[in-house]
Structure formats: C-alpha cells, structure tokens
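To keep things clear, I will list the structure first and then write my remarks on it.
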Amino acid sequence: MKIKKTIPSRSWLFHIDLRGRGTGQIESLTGYIARLSAAHFVTPSTLLHRGLEWWDAGKPENVGQWKRRTAHLRLRPAINAHSSANPWINVLESHTGVQNLGA
C-alpha cells in the first residue's frame with residue numbers, strides 16, 4: 001500500500017500559529033497581523049501596501065511595489081469582530097496556511 005503525502009502550497013508568508021487558540025486568551029486579529037509583520041521584519045503597513053493588497057487584487061507580479069490606495073484591506077479601522085475582518089481573514093489564511101483565523 002502506498003501512502004500519499006501532500007505538500008502544502010507555497011506562500012511568500014510563512015506559517016505562524018494563532019496564539020491561545022481554543023482558550024479564552026485567543027490572540028486578536030490585530031495582534032496576529034502585528035506579530036506576522038514583525039516576523040517578516042516589516043511594518044503592518046508595508047505588509048499591506050507592498051504585499052497583501054497586490055495578492056488580493058490578483059496582481060502578484062506587483063508585490064514589493066507600494067500600493068497607495070487599498071480596496072478593502074484597511075489597517076486603521078478596528079478589524080476585530082467587524083465585517084472588515086473578513087477580507088483580512090481570507091487573504092491571511094490563503095497566504096499563511098493558517099486555517100480558521102476567524103474562529
């Protein structure tokens with residue numbers, strides 16, 4: 001019997017687990033984004049404007065260039081427990097491989 005192994009898809013962001021999952025001390029989405037940015041040695045703004053926004057727009061060839069206006073990924077509004085968290089959750093899950101960030 002052959003065992004089929006699957007390799008997770010590659011991403012430009014590496015996998016960082018959400019802290020406190022399954023407890024009352026779960027990390028906020030804001031905290032996760034800040035920690036993810038720090039792990040990649042960039043600011044949250046740089047992570048958004050030079051990376052995530054381009055991937056979300058379907059233009060990965062532009063990653064690294066500054067994108068001034070964001071479509072719907074915004075840093076300024078409070079993103080925890082608001083509808084503006086959904087786009088963040090989707091793009092972060094697809095590019096870090098971490099699932100159920102909104103759970």
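- Taking CG of Leu36 as the reference point, atom NE2 of His95 lies at 11.5 Å (rounded to 0.5 Å).
- We find the OG1-CG distance between Thr96 and Leu18 to be 9.5 Å, quoted to the nearest 0.5 Å.
- Residues forming a side chain to side chain contact (heavy atoms under 4.5 Å, CB included) with Asn62 (at least two apart in sequence, or on another chain): Trp54, Lys59, Gln65.
- The side-chain heavy atoms of Leu48 and Pro44, taken from C-beta on, include no pair separated by under 4.5 Å.
- Applying the ring-ring contact (aromatic ring centres under 6.0 Å, His included) definition to pairs two or more places apart or across chains, none involves residues 19-38.
- Under the salt bridge (Lys or Arg N to Asp or Glu O under 4.0 Å) criterion, Arg35 pairs with Glu27, not counting sequence neighbours.
- Side chains of Arg50 and Val42 form no contact here, defined as non-hydrogen atoms less than 4.5 Å apart.
- For His15, there are no ring-ring contact (aromatic ring centres under 6.0 Å, His included) partners at least two apart in sequence or on another chain.
- Applying the side chain to side chain contact (heavy atoms under 4.5 Å, CB included) test to Ala39 and every residue at least two apart in sequence or in another chain returns Phe14, Ile16.
- Closest heavy-atom contact between Ser94 and Val91: OG-O, 3.1 Å.
- Looking at Arg21 and Val98, their side chains come closer than 4.5 Å, going by heavy atoms from C-beta outward.
- Atom CD of Gln99 has more than 12 heavy atoms from other residues, nucleotides or ligands within 6.0 Å.
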